[in-house]
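In the text below, chain A, chain B and the rest are named by the order of the sequence lines, each starting its count at 1.
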Amino acid sequence: MDFQGVIVHWYKENKRDLPWRKTKDPYRIWLSEIMLQQTRVEQGLPYYQKFTAAYPTVFDLAKAQEEEVLKLWQGLGYYSRARNLHTTAQEIAYNYKGTFPNGYDALKKLKGVGDYTASAIASICFNRPTPVVDGNVYRVLARYFGIAIPINSTEGIKYFKALAKELILKDQPGDYNQAIMEFGARQCKPQSPNCKLCNLQNSCVAFAEGKMGELPVKLKKTKVKKRYFNYLIITDNEKTILQQRKNKDIWQNLYEFPLIETSKEVEIEHIAGHDTFLKLIHGNAYNIRLFNEELKVHKLSHQHIYTRFWIVTLHGKLKSGTVIEKVKDYPVPVLIANFVEDFGF
DNA sequence: AAGGCGGGGTG
DNA sequence: CACCCAGCCTT
């Protein structure tokens with residue numbers, strides 16, 4: 001049996017029972033593909049369930065408020081996916097009368113839909129021979145064919161896409177695409193691939209040369225930036241202050257407490273004398289204390305955020321603000337959600 | 001071509 | 001700790 005035959009056969013024997021594999025509804029396939037970008041199936045699955053329950057059709061998603069969509073997305077990360085998801089739902093609902101385009105080119109024009117996702121939808125929903133090349137496919141092909149071209153170089157991207165195009169089974173493109181991805185996720189795993197029980201063992205270049213650990217080749221590591229966040233929990237024991245992040249930075253459009261970002265750790269005097277703090281206090285009497293003696297480190301893949309939460313209790317009443325009981329209704333970063341939980345608002 | 005964008009799992 | 005995940009967008 002050839003490479004594709006083994007892959008598809010393995011898939012039929014080993015594929016997981018996942019909800020988006022029971023449908024060819026482009027709305028649900030699109031939703032699942034967006035959620036699974038840079039995200040493991042096990043992490044995305046509960047979100048898929050929540051979204052399909054809350055928004056059974058693309059019209060339901062289109063009608064929702066962005067804030068509600070972000071709240072449902074909370075914890076899944078890469079929040080531009082949620083914002084683009086909402087935008088594209090409105091595009092499909094109102095400009096396409098609810099019907100997704102059925103070809104690669106038109107699909108790729110949708111916000112948040114790139115080469116991978118357009119190929120996935122076109123093959124799974126519309127039986128088009130458009131090959132997907134995700135992290136799993138890069139790994140399987142690099143190992144099996146012994147290709148050392150860096151997968152994130154311009155040359156590598158072109159090379160692997162062309163190879164995937166040669167390999168795709170035109171009579172079952174959707175199944176083949178899903179098969180090679182599932183094979184990469186479960187059999188040809190990044191660490192400790194299960195070569196011992198692999199039907200491609202005999203013909204796999206990486207296995208023959210013992211290079212499973214060296215393939216695929218990837219250029220440069222991400223270097224991590226350090227940031228120092230000081231959150232001000234201003235409260236009169238009835239209300240607090242929440243703000244929406246609007247800058248082009250992490251967590252765009254999510255909510256958080258007023259923030260003083262500094263270039264290094266700072267002490268209480270720095271906070272109490274800061275312009276941002278003084279404007280919020282507005283001359284009122286207050287008491288301030290540090291919630292966490294230990295610096296809280298929130299790790300993102302590209303930055304480490306060292307955080308202090310300052311509890312500022314006002315003696316007077318806040319004129320405007322968010323009722324404390326409502327804080328949990330806002331979409332917030334996990335860092336904030338964890339604090340709210342620990343603090344017991 | 002390079003950098004930014006989350007959060008969690010694995011070894 | 002490093003690496004990676006059903007990638008995409010902006011500059």
Inset, instruction - Would you mind classifying the nucleic acid contact of Trp20(A) as base, sugar-phosphate or nothing, using non-hydrogen atoms under 4.0 angstrom? - result: base
Legend entry - Check: Asp60(A) main-chain N/O paired with Thr57(A) side-chain donor or acceptor under 3.5 Å: yes
Inset, instruction - Give a yes-or-no answer on whether the side chains of Gln244(A) and Tyr330(A) include a donor-acceptor pair shorter than 3.5 Å. - result: no
Inset, instruction - Scan Val113(A) against the nucleic acid and name what it touches under 4.0 Å (heavy atoms): base, sugar-phosphate only, or nothing. - result: sugar-phosphate
Inset, instruction - Please confirm whether Trp30(A) and Phe100(A) have ring centers closer than 6.0 angstrom. - result: yes
Legend entry - Nucleotide dG11(B), atom C1' - distance to CE of Met212(A) in whole Å: 16 Å
Legend entry - Note: Arg245(A)-Asp249(A) ion pair, threshold 4.0 Å (strictly below): yes
Legend entry - Base of dA6(C) paired with side chain of Arg21(A) (donor-acceptor, under 3.5 Å): yes
Legend entry - Neighbour count >12 (heavy atoms, 6.0 Å) for atom CD, Gln65(A): no
Inset, instruction - Both distances under 3.5 Å, Watson-Crick or G-U wobble: on that basis, could you give the dot-bracket string for DNA chain B, with [ ] for crossing pairs and | for other-strand partners? - result: |||||.|||||
Inset, instruction - Look at all strands and tell whether Thr117(A) reaches a base, only sugar-phosphate, or nothing, counting heavy atoms closer than 4.0 Å. - result: sugar-phosphate
Do any N or O atoms of the protein come closer than 3.5 Å to N or O atoms of nucleotides 6-10 of chain B, and which pairs are they?
| from | atom 1 | to | atom 2 | distance (Å) |
| --- | --- | --- | --- | --- |
| dG6(B) | OP1 | Tyr79(A) | N | 3.0 |
| dG6(B) | OP2 | Trp251(A) | N | 2.7 |
| dG6(B) | O4' | Tyr78(A) | N | 3.0 |
| dG6(B) | N7 | Tyr78(A) | OH | 3.2 |
| dG6(B) | N7 | Ser301(A) | OG | 2.9 |
| dG6(B) | O6 | Tyr78(A) | OH | 3.0 |
| dG6(B) | N1 | Gln38(A) | O | 3.1 |
| dG6(B) | N2 | Gln38(A) | O | 3.4 |
| dG6(B) | N2 | Thr39(A) | OG1 | 3.3 |
| dG6(B) | N2 | Leu76(A) | O | 3.2 |
| dG7(B) | OP1 | Tyr79(A) | OH | 3.0 |
| dG7(B) | OP1 | Val334(A) | N | 3.2 |
| dG7(B) | OP2 | Trp251(A) | NE1 | 3.2 |
| dG7(B) | OP2 | His298(A) | NE2 | 2.8 |
| dG7(B) | N2 | Gln43(A) | OE1 | 3.4 |
| dG8(B) | N2 | Arg40(A) | NE | 3.3 |
| dG8(B) | N2 | Arg40(A) | NH2 | 2.8 |

Legend entry - Phosphate OP1/OP2 of dT11(C) contacted by Lys248(A) side-chain N/O (<4.0 Å): yes
Legend entry - Distance, rounded to the nearest Å, where Ile7(A) contributes CD1 and dA6(C) contributes P: 15 Å
Inset, instruction - Taking Thr307(A) for its side chain and Phe229(A) for its backbone only, find out whether a donor-acceptor pair lies under 3.5 Å. - result: no
Inset, instruction - Identify, between Arg227(A) and Ser153(A), the residue whose nearest nucleotide on DNA chain B lies closer to the 5' end. - result: Ser153(A)
Legend entry - Toward the 5' end of DNA chain C, by each residue's nearest nucleotide, Asn84(A) or Glu33(A): Glu33(A)
